[in-house]
Amino acid sequence: MLKSLTLATVVALAVAPAAQAAPLGMAQVEQTLRKAGYTQIHEIERDDGLWEADVSRADGRFSEVYVDPKTGEIFDEHDSRALLGTEQVLAKAQSQGLREIHSLERDGATWSLEARNARNQRVEVRVSGYDGRILHSERDGWLD
């Protein structure tokens, strides 16, 4: 009996999804940016579910970048990754269930937009400029 209970526990732990890591704090974001080669970090603050940082590179170029607190991914329009255009972002957003999309604006290597989600709620959304995935979404108002 004990042997089968132990085996069941091991199987359950192996099958259970791994616990999600805690979101990155400000100090971790600063460390991530320094490891990525940004020489000066002028300001870091939370904005639309992401960390926003004003940074400088070794060559002196100043930039505003975003960091995903869940993954540590840096969104910098000056890195070598290609950015999606307006039509591509709209198509990606629609494929993720967003509709009535308006107020679409590129912000560095991310896009901000307002739309309605699958529950017909008005939402403000931040999407990746690299692949169009939703990085953050929050309800816009509560009277809809």
Participant: Considering residues at least two apart in sequence or located in another chain, which fulfil the salt bridge (Lys or Arg N to Asp or Glu O under 4.0 Å) criterion with E73?
Facilitator: R81, R133
Participant: Do any N or O atoms from the side chain of W51 and from the backbone of G72 form a donor-acceptor pair under 3.5 angstrom?
Facilitator: no
Participant: With side chains defined as the heavy atoms from C-beta onward, is the minimum distance between V125 and S112 less than 4.5 Å?
Facilitator: no
Participant: State which residues pass side-chain contact (heavy atoms from CB on, under 4.5 Å) with E43; sequence neighbours excluded, sorted by chain then number.
Facilitator: E45, D54
Participant: Ring pair (Phe, Tyr, Trp, His ring centres under 6.0 Å): which pairs involve residues 73-118, sequence neighbours left out?
Facilitator: F75-Y130
Participant: Does E100 have any salt bridge (Lys or Arg N to Asp or Glu O under 4.0 Å) partners at least two apart in sequence or in another chain, and if so, which?
Facilitator: R116
Participant: CG of D47 to NE2 of H136: how many Å apart, nearest 0.5 Å?
Facilitator: 9.0 Å
Participant: Return the CG to CD1 distance between L33 and I41, rounded to the nearest 0.5 Å.
Facilitator: 5.0 Å
Participant: Pairs in or reaching into residues 31-40: which pass salt bridge (Lys or Arg N to Asp or Glu O under 4.0 Å), with residues at least two apart or in two chains?
Facilitator: E30-R34
Participant: Please check if V89 and V123 belong to a single hydrophobic cluster, counting links between Ile, Leu, Val, Met, Phe, Trp and Tyr side chain heavy atoms closer than 4.5 Å.
Facilitator: yes
Participant: Which residues satisfy the salt bridge (Lys or Arg N to Asp or Glu O under 4.0 Å) test with R119, sequence neighbours excluded?
Facilitator: none
Participant: With salt bridge (charged side-chain N to carboxylate O under 4.0 Å, His left out) as the criterion, how do R106 and E77 come out once you've worked through the C-alpha distance, each side chain's angles and the decisive distance to 0.1 Å?
Facilitator: CA-CA 10 Å; R106 188 167 73 89; E77 67 183 319; 3.1 Å; yes
Participant: Go through it in stages, so that I can follow the logic: the residues are D140 and E114, the test is side chain to side chain contact (heavy atoms under 4.5 Å, CB included), and I'd like the CA-CA distance, side-chain angles, deciding distance and then a yes or no.
Facilitator: CA-CA 8 Å; D140 181 22; E114 294 177 10; 4.3 Å; yes
Participant: So does I101 get a backbone contact from the side chain of Q94, meaning a donor-acceptor N/O pair under 3.5 Å?
Facilitator: no
Participant: List the atom of G132, the atom of Q96, and the distance in Å for their closest heavy-atom pair.
Facilitator: O-NE2, 2.7 Å
Participant: Applying side-chain hydrogen bond (donor to acceptor under 3.5 Å, both in side chains), name anything that partners D107, two or more places apart in sequence or on another chain.
Facilitator: Y66, R126
Participant: R46: what forms a salt bridge (Lys or Arg N to Asp or Glu O under 4.0 Å) with it, not counting sequence neighbours?
Facilitator: none
Participant: Under the side-chain contact (heavy atoms from CB on, under 4.5 Å) test, which residues partner A36, sequence neighbours left out?
Facilitator: Y38, I74
Participant: Of the non-hydrogen atoms in I44 and A53, which two are nearest, and what is the gap between them?
Facilitator: CG1-CB, 4.0 Å
Participant: On a heavy-atom basis, which atom in Q28 and which in P23 lie closest, and how many Å separate them?
Facilitator: OE1-O, 3.9 Å
Participant: Show the nearest heavy-atom pair for residues R99 and N117, with the distance to one decimal.
Facilitator: NE-O, 4.3 Å
Participant: Tell me every residue that passes side-chain contact (heavy atoms from CB on, under 4.5 Å) with Q88, counting only those two or more places apart in sequence or in another chain.
Facilitator: L84
Participant: How many angstroms lie between CZ in R139 and CD in Q121, if you round to the nearest 0.5 Å?
Facilitator: 4.0 Å
Participant: Can you list everything that forms a side-chain hydrogen bond (donor to acceptor under 3.5 Å, both in side chains) with S137? Sequence neighbours excluded, please.
Facilitator: none
Participant: Tell me every residue that passes ring pair (Phe, Tyr, Trp, His ring centres under 6.0 Å) with H42, counting only those two or more places apart in sequence or in another chain.
Facilitator: F62
Participant: Does the pair S63 and R57 meet the rule for a side chain to side chain contact (heavy atoms under 4.5 Å, CB included), with working shown?
Facilitator: CA-CA 8 Å; S63 186; R57 294 174 183 69; 3.3 Å; yes
Participant: What closest approach, in Å, do L135 and V127 show between heavy atoms, and which atom pair accounts for it?
Facilitator: CD1-C, 3.8 Å
Participant: Is it the case that one hydrophobic cluster holds both L98 and L90, taking links as side-chain heavy atoms less than 4.5 Å apart, direct or via other members?
Facilitator: yes
Participant: Got a second to check how far E64's CD is from T110's OG1, nearest 0.5 Å?
Facilitator: 8.5 Å
Participant: Are V65 and L24 joined in one hydrophobic group, where the rule is that I, L, V, M, F, W and Y side chains link up if heavy atoms are under 4.5 Å apart?
Facilitator: yes
